[in-house]
Q: 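Below you will find the structure I want to go over with you.
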Amino acid sequence: MRLVPRPSFFQFSWKHFLPRLAFALLCTWLLMMLALANLYVYVLTHPPCQPSAAQQPGFESIAVTNAAGLTLKGWWRPPQNGMVILLVGGLGSNRDAMLPDARLLADHGYGVLTLEQRHCAGVPATLGYAETQDVHAMAAFALAQPGVQRLGGLGFSIGGVALLNASNSQPELQALVIQGNYANLYAEITAAPTRMLSFEWQMQRLVAFFFGVWSGVPARQLSPIDVLPHVQQPLLLIHGEKETQRTRAEAQLQAAASHATLWIVPAAGHGGYHRADPHAYRQRVIGFFESHLGIE
């Protein structure tokens with residue numbers, strides 16, 4: 001009698017095993033990439049918020065509520081010259097972050113209003129998109145205070161992006177100092193040179209994609225360099241010498257109207273412009289606001 005071998009569960013076939021292994025590895029890779037990109041976007045949009053000081057001499061602790069009902073804490077100091085400067089910090093900023101600029105401006109008679117970034121209130125940051133609502137709320141608060149005649153704005157990084165985005169619909173902002181802002185968010189996310197289809201290349205594009213999913217705005221559409229030609233207010237753009245290539249500072253100046261000027265701070269990176277050259281910083285910023293807001 002001829003015996004026919006039974007099929008065995010343990011029978012091995014390279015012909016079937018290799019395609020299955022390749023498919024399993026591909027699925028694992030995709031799941032890992034998706035998870036890492038999601039995690040990166042979560043961390044990016046939920047930076048830690050350092051505790052704020054309970055009191056600051058010369059400043060009043062206030063709270064501002066935007067049109068969406070989000071309440072943010074800030075510092076307020078009324079003006080002596082009729083002018084108030086809205087100070088909008090970068091990613092991770094609490095209400096104390098812009099106090100060096102606040103004190104500088106207050107020493108010259110300006111009123112100032114600082115505000116924490118929205119992540120401090122438990123809401124994800126959107127890198128300049130939804131933060132535009134917060135700028136409008138700041139302007140409404142300042143204009144409702146006695147003795148306020150004119151508004152200006154000073155924003156760092158995503159704070160500068162939010163000010164630019166708000167400028168056309170907030171004409172009361174009559175002069176803007178924009179510091180270290182990116183030119184286009186998609187270009188910023190994908191700025192680091194990579195080989196096509198490498199791990200880094202894939203992560204960059206997935207991060208940009210998931211940022212759009214979770215924020216509600218595609219990264220490509222967050223593009224200050226496309227907003228600049230439409231800004232009517234006088235502009236002072238400030239960028240550190242070490243960041244100009246990434247932020248495309250010269251291209252931003254060319255995109256802006258003729259009433260924009262650019263100051264590249266020697267030896268400075270992203271931020272710390274007032275520390276790099278305190279005398280020049282004071283002259284540039286105070287001189288700009290005096291020229292374009294006037295002194296009562």
Side-chain angles (χ1 to χ4, degrees), residues 42-80 83-145 148 151-163 165-166 170 173 176-181 215 238 269-276 278 281-282 285:
Y42 180 86
V43 172
L44 178 67
T45 56
H46 294 78
C49 181
Q50 296 300 319
S52 170
Q55 294 181 336
Q56 288 290 345
F59 295 87
E60 176 188 351
S61 178
I62 55 95
V64 173
T65 301
N66 70 14
L70 178 66
T71 299
L72 301 171
K73 298 175 183 177
W75 295 113
W76 163 253
R77 179 166 176 149
Q80 298 176 9
M83 269 68 73
V84 169
I85 308 302
L86 310 182
L87 299 170
V88 191
L91 185 64
S93 296
N94 64 10
R95 63 176 174 173
D96 300 349
M98 300 298 284
L99 281 174
D101 285 287
R103 294 190 178 100
L104 170 64
L105 290 158
D107 287 345
H108 290 79
Y110 291 90
V112 289
L113 174 60
T114 77
L115 210 61
E116 65 188 358
Q117 283 286 352
R118 52 186 34 229
H119 67 276
C120 290
V123 176
T126 62
L127 309 191
Y129 175 60
E131 287 80 2
T132 303
Q133 296 179 354
D134 309 333
V135 172
H136 290 312
M138 294 174 76
F141 176 92
L143 290 169
Q145 306 309 306
V148 177
L151 292 184
L154 187 155
F156 169 62
S157 194
I158 70 165
V161 175
L163 277 171
N165 287 338
Q170 193 76 60
L173 283 168
L176 300 174
V177 176
I178 308 297
Q179 304 179 346
N181 65 296
S215 69
I238 298 178
H270 187 57
Y273 313 114
H274 59 289
R275 293 190 298 271
Y281 186 85
R282 181 172 60 254
V285 172

Q: Can you name the closest pair of heavy atoms from Thr114 and Ala102 and give their distance?
A: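 Smallest heavy-atom distance, with atoms named: CG2-CB, 4.3 Å.
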
Q: With a 4.5 Å heavy-atom cut-off, do Thr65 and Leu70 have their side chains touching?
A: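 No, their side chains stay 4.5 Å or more apart.
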
Q: Does Ile158 reach the side chain of Asn181, with side-chain heavy atoms less than 4.5 Å apart?
A: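 Ile158 does not reach Asn181 side chain to side chain.
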
Q: Run through Leu104, Asp107, Leu105 and flag the one making a side-chain contact (heavy atoms from CB on, under 4.5 Å) with Arg282.
A: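 When side-chain contact (heavy atoms from CB on, under 4.5 Å) is applied between Arg282 and each of Leu104, Asp107, Leu105, only Leu104 qualifies.
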
Q: Please list, chain by chain and in numerical order, all residues satisfying ring-ring contact (aromatic ring centres under 6.0 Å, His included) with His119, sequence neighbours excluded.
A: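 ring-ring contact (aromatic ring centres under 6.0 Å, His included) list for His119, sorted by chain: empty.
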
Q: Would you say that Val112 contacts Met98 through its side chain, given a criterion of any heavy-atom pair below 4.5 Å between the two side chains?
A: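 Side-chain contact under 4.5 Å: no.
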
Q: Look only at the side chain of Tyr110 and the backbone of His108, and say whether a donor-acceptor pair between them is shorter than 3.5 Å.
A: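 No.
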
Q: Decide yes or no for Val161 and Leu127: does some side-chain heavy atom of the first lie under 4.5 Å from some side-chain heavy atom of the second?
A: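 A side-chain contact is absent here, since even the closest heavy-atom pair is not under 4.5 Å.
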
Q: Could you check if a side-chain atom of Trp75 sits within less than 4.5 angstrom of a side-chain atom of Ile62, using non-hydrogen atoms only?
A: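 The answer is no; the side chains never approach within 4.5 Å.
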
Q: Please list all pairs meeting salt bridge (Lys or Arg N to Asp or Glu O under 4.0 Å) that have one or both residues in residues 66-75, counting only residues at least two apart or in different chains.
A: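 Qualifying pairs, neighbours excluded: none.
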
Q: Would Ser157 and Gln179 satisfy side-chain hydrogen bond (donor to acceptor under 3.5 Å, both in side chains), going step by step from the backbone distance to the final call?
A: CA-CA 6 Å; Ser157 194; Gln179 304 179 346; over 6 Å; no

Q: Do you see a donor-acceptor pair shorter than 3.5 Å between the side chains of Glu116 and Ser93?
A: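 Short answer, no.
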
Q: Leu143 versus Val84: any side-chain heavy-atom pair under 4.5 Å?
A: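 No, every pair of side-chain atoms sits at 4.5 Å or beyond.
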
Q: Using the salt bridge (Lys or Arg N to Asp or Glu O under 4.0 Å) rule, collect all pairs that involve residues 43-68, keeping only residues at least two apart or in two chains.
A: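 Listed by first then second residue: nothing to list.
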
Q: With salt bridge (Lys or Arg N to Asp or Glu O under 4.0 Å) as the rule and sequence neighbours excluded, what pairs involving residues 91-102 come up?
A: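 Every pair satisfying salt bridge (Lys or Arg N to Asp or Glu O under 4.0 Å) with a residue in residues 91-102: there are none.
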
Q: Using modelled atom types only, decide if a donor and an acceptor are shared between the side chain of Glu131 and the backbone of Gly159 within a distance under 3.5 Å.
A: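 Judged by distance alone, no pair lies under 3.5 Å.
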
Q: Report yes if the side chains of Met138 and Val88 come closer than 4.5 Å at any heavy-atom pair, otherwise no.
A: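 They are in side-chain contact.
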
Q: Please list, chain by chain and in numerical order, all residues satisfying salt bridge (Lys or Arg N to Asp or Glu O under 4.0 Å) with Asp134, sequence neighbours excluded.
A: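 Per chain and number, Asp134 pairs via salt bridge (Lys or Arg N to Asp or Glu O under 4.0 Å) with Arg118.
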
Q: If a pair satisfies salt bridge (Lys or Arg N to Asp or Glu O under 4.0 Å) and one of its residues is in residues 46-56, list it, with sequence neighbours excluded.
A: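 Output for this query is empty, none listed.
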
Q: Is any side-chain heavy atom of Gln145 closer than 4.5 Å to one of Leu113?
A: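 No; the side chains remain at least 4.5 Å from each other.
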
